[in-house]
Structures are given as C-alpha cells and as structure tokens.
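Since the structure is predicted, the reported quantities are computational estimates derived from the model, not experimental observations. Proteins get letters first, then strands, A, B, ... in listed order; numbering begins at 1 in each.
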Number of protein chains: 2
Amino acid sequence: MDVGARLQAIRKLKGLSQRELAKRAGVTNSTISMIEKNSVSPSISSLKKVLSGIPMSLVEFFSIDFEQETPVQVVYRADELVDISSGAVTMKLIGKAHPSRSIAFLDETYPPGSDTGDEMLNHDGEEAGMLVDGRLELTVGNEVFVLESGDSYYFESNRPHRFRNPYEHPARLISATTPANF
Amino acid sequence: MDVGARLQAIRKLKGLSQRELAKRAGVTNSTISMIEKNSVSPSISSLKKVLSGIPMSLVEFFSIDFEQETPVQVVYRADELVDISSGAVTMKLIGKAHPSRSIAFLDETYPPGSDTGDEMLNHDGEEAGMLVDGRLELTVGNEVFVLESGDSYYFESNRPHRFRNPYEHPARLISATTPANF
DNA sequence: TCGCTGTGTTGTAAATAATGAACACTGTTG
DNA sequence: CAACAGTGTTCATTATTTACAACACAGCGA
C-alpha cells in the first residue's frame, strides 16, 4: 500500500478534510493533496509534520494494517501445523490461516546434534518459550544455560541467541515470538 | 532519536560504509552523508531506496530500539514461575523479572471440572496456545472445539472465549498472549 | 616517502517537493 | 436561483533535496 493511499485512508478514518488536517499539521492543503495523489514523495520531516496533525507516529503510520478480515480458522490439529523447518530443527507454526499474525507460536523439535547457529538479530521484539521434553542448551549474549523439561526463558530478540542440542535425546520446545517474523 | 543517527547506527551495525550502502541502494554517497548529518530530511522514497540496500523496511527502521537493555533474567526454572492462578485453573507466568513484557507466556493447568468462565474481553491483541497434555474444550465466538494433546489455537483476543475441562484428567496448556495484560 | 585505496565531507548544478493562489465541483441556505 | 462554505485539484514560484565531482584525511604496502 502506497504512502498516498495510506494517508488518505487514515485521514478519512479520522474524519478530517485535507484542509482541516493541513491546518492542524501546519502545512498547506495542496501538500496533503499532492501526497495523497502520490504526485510527490514527502520528506520525512514533512510527513512527520503532517502526521502530527492526526496525531500519529511514523511507526504507527507504516504499521497500520487495513486488512481486518475475520480469521476463519481457530483450532489447528496436530497434523495441520505448517512446517517451516530449516535444517535439522523441526519448526511447526500455529495459526497458518491467520493473515497478519503478531505472534509466531511454534512447536519446535531439536534432534540430537542440532543447532540454530549464531543469529545476530537487530529488530525489536521479544521471545519466550518452555521446554516440554528433553534437554536443550540456550545461549543468550555470553551466557550459556541448560534447560531441563519444564524450564523456560524470556529475552529480547535483539540479543544474540542460539539453541543447541548436544545431548542424546530430542528436545521439544514450545515458543512464542513477537512481532512475528514469519 | 533522529533519522540521521538512526541510519548511521543501523549502517554501522551492518558493517557498511556510506559508499557501500549507497552503491547497494542506488544513491550517491553524499546523500547518505547528508542524511546522517541531518543536513537534509530525506523524502520517503529516498529513505526507502536507501533502506532497500540494507535491506530494511520503513517500519523496521523506525521501530528499532537501540536502548541497551539492562541484563535481566533469561532462564526461569520450573519452580521459579510466578503463580497467577485465579480459581481452580493454575496459571504460571514465565519471565517475572522482565520489566515491560509484550508477551504473556503461560503454563496453564486445568483440573477436571475447571472453567475460565465466559470472558468478554475488549482489549486488542492475539493469543495462541498448544495443548501438551489431556483434553480441553475451547469456545471462541459461537464455536466449540475439543482440543486433544498436540492441538493448538490462534485467535483475536477480543473475540469472546472460554476454556473448560469437563473431562476426567487434568489438561496442560502452554499459551502466549500479546500484548501482555498482566 | 610515494602511491593507492578506503573513509566521510563538502561545493555547485540539476531534480524534486512545498507553498500560495487560483480553479472546478458539491451541497446548503436564504 | 444566487451566494456561500465546504470539498479536492492544479499551476507557477520558492524552497529543499539530490547527484556529480572534487576535496581532505587515514591506513597500508611497495
């Protein structure tokens, strides 16, 4: 969805005219018009100024999702999960029919010897999980933990982290990440 | 945090020089320089073009949080979870030491005959969960489901929902809700 | 040392966006 | 109908941003 259509949709949702918004934002109505018609690409400062009249932040502006479809499916049977595995680790995603999920809820299985590798993620977000079977090694930052069945974790996704199973038995982990990066 | 500092921080995190990023993005190095020094306010299309060389979306760009989180507890042992039970249902919260959590990750146990009652939740958000033991009845809207071990669910929190265990054995559910309402 | 390659920082000219003042259109009101 | 207040659009001018090219500086190897 382009910037113009986005702005227009938001403006109309708020019940504002181009002139009204322009007045509140401290710009001219023609500016709003041009932006909405995509005949210009506004500068960050301009768009910020315009949005201040709503008011709305840049993040909100680009995040707003206008699709508000009613999610059809609620329950997913054990054999209905989407397999998004990469490598040895089995990852099954819950809620495949959900259009714009905000949680990535996974059922993960780490066979002996498996490893997610070192990830350096910068984006915002948090993740939590609980080990329901087996034993698993978790590294967050420069700390190494050994999770036993029933143990859990919670950390910021932007901290470098890694899961590894150096043990003899497979480990089963149920995890949740937000925002969903799948 | 301003746009210039933000771009510079991200660029350096990715280990790119101004020229390298400029080349990947299809702009000139001076553009990057000016933006980072805040001597200009780039247009949306320009910034988008620049970010495409990272690559990164506008949402991500404005969302990234550079605050170095104070190291908090990462791993929670099985006996360290916070019991937030109300009534017969046992609910244990993961990540008690986490200052401002965005996920409520719970280990829930429904004894035979237990029931969350009819909840009409107004708050926004989504929730997902997986049944790891027993059998549980889930009502969402006017639909009733019977979850077996390994089954899962995903729905919008604002839909009326209810969990109930009319069976003989306790049911264990692992769930995630966002945003966290605890 | 010199030359080279990388870095980021400037001028100046060309491209692009914002303003201010029109325009055309609609619905309302006397 | 005619005057009016509202809407969004368009155009010439002004202001801002971009590209291109040069510059200054730092590290490195012959």
Side-chain angles (χ1 to χ4, degrees), chain A residues 1-68 120 122-123 160, chain B residues 1-68:
Chain A
M1 192 173 191
D2 57 56
V3 173
R6 195 167 274 270
L7 178 59
Q8 186 166 79
I10 292 170
R11 176 174 63 78
K12 290 190 169 166
L13 268 175
K14 296 291 179 178
L16 298 172
S17 70
Q18 290 184 343
R19 283 182 156 83
E20 177 61 28
L21 175 56
K23 190 176 149 196
R24 296 192 192 190
V27 298
T28 58
N29 59 313
S30 50
T31 300
I32 310 277
S33 175
M34 308 274 265
I35 293 174
E36 289 188 359
K37 292 173 62 58
N38 287 310
S39 47
V40 298
S41 177
S43 71
I44 298 293
S45 54
S46 300
L47 183 57
K48 201 158 146 190
K49 200 154 69 169
V50 168
L51 293 178
S52 73
I54 298 211
M56 174 174 283
S57 73
L58 287 165
V59 183
E60 286 176 284
F61 179 76
F62 289 110
S63 302
I64 282 191
D65 183 14
F66 296 94
E67 318 290 325
Q68 51 177 22
M120 297 296 279
N122 287 69
H123 56 80
Chain B
M1 193 172 189
D2 56 59
V3 173
R6 195 167 274 270
L7 178 59
Q8 185 167 80
I10 292 169
R11 176 175 63 79
K12 291 191 168 166
L13 269 175
K14 296 291 180 180
L16 299 172
S17 70
Q18 290 184 344
R19 281 183 158 84
E20 178 61 28
L21 175 56
K23 189 177 152 195
R24 296 193 191 188
V27 299
T28 59
N29 57 315
S30 53
T31 301
I32 311 275
S33 176
M34 308 278 267
I35 293 175
E36 290 189 357
K37 291 172 64 59
N38 286 310
S39 45
V40 297
S41 177
S43 71
I44 298 293
S45 56
S46 300
L47 183 57
K48 201 158 146 190
K49 199 154 69 169
V50 168
L51 294 179
S52 73
I54 296 210
M56 174 174 283
S57 73
L58 287 165
V59 184
E60 286 177 284
F61 179 76
F62 289 110
S63 302
I64 283 190
D65 182 15
F66 294 96
E67 306 301 317
Q68 204 64 299

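Projected onto DNA chain D by closest heavy-atom contact, B/S43 and B/R19 fall at different nucleotides, the more 5' of which corresponds to B/S43. Between B/I32 and B/S45, the residue anchored closer to the 5' end of DNA chain C is B/I32, taking for each the nucleotide with the nearest heavy atom. Both B/K37 and B/E20 lie close to DNA chain C; mapped to their nearest nucleotides by heavy-atom distance, the more 5′-ward contact belongs to B/E20.
Relative to the side chain of B/S41, the nucleotides D/dT17, D/dC20, C/dA18 differ in distance, and D/dT17 lies closest.
Remark: A/S33 is in phosphate contact with D/dT9, judged by side-chain N or O atoms under 4.0 Å from OP1 or OP2. The phosphate of C/dA18 has neither OP1 nor OP2 within less than 4.0 Å of any side-chain N or O from A/K49. Side-chain nitrogen and oxygen atoms of A/S46 include at least one within less than 4.0 Å of the OP1 or OP2 phosphate oxygen of C/dA18. Within the structure, a side-chain polar atom (N or O) of A/R11 is placed less than 4.0 Å from OP1 or OP2 of D/dG8. Look at B/S17 and you'll find a side-chain N or O under 4.0 angstrom from OP1 or OP2 of C/dT7. Using a 4.0 Å cut-off, some side-chain N or O of B/T28 falls inside it from OP1 or OP2 of D/dA19. Between B/Q18 and C/dT9 there is a side-chain N or O to OP1 or OP2 distance below 4.0 Å.
Note: A/Q18 CD to A/T31 OG1 = 10.0 Å, rounded to the nearest 0.5 Å. Taking NZ of A/K37 as the reference point, atom CG of A/D2 lies at 12.0 Å (rounded to 0.5 Å).
Atom P of nucleotide D/dG8 and atom CG of A/L7 are separated by 11 Å, given to the nearest angstrom. Atoms CG (B/N29) and P (D/dA19) sit 10 Å apart, rounded to a whole Å. At whole-Å resolution of the value, CG in B/N38 and C1' in D/dT17 are 14 Å apart. Between the CD atom of A/E36 and the P atom of D/dT9 there is a distance of 7 Å, given to the nearest Å. Following rounding to the nearest Å, A/K12 (NZ) and D/dT7 (P) show an atom-to-atom distance of 12 Å. Between A/L21 atom CG and D/dT7 atom P the separation is 11 Å, expressed in whole Å. Distance CD1 (B/I35) to C1' (C/dG8): 14 Å, rounded to an integer number of Å. In this structure, the CE atom of A/M34 is 10 Å from the P atom of D/dC11, given to the nearest Å.
Side-chain contact annotation: B/S33 with B/S30, donor-acceptor N/O pair under 3.5 Å absent.
Using a 4.5 Å cut-off on side-chain heavy atoms (C-beta onward), B/M56 and B/I64 make contact. With contacts defined as side-chain heavy-atom distances shorter than 4.5 Å, the pair A/I10/A/L51 does not qualify.
No hydrogens or angles were tested; on distance alone, a donor-acceptor pair under 3.5 Å links the side chain of A/S30 to the base of C/dG20.
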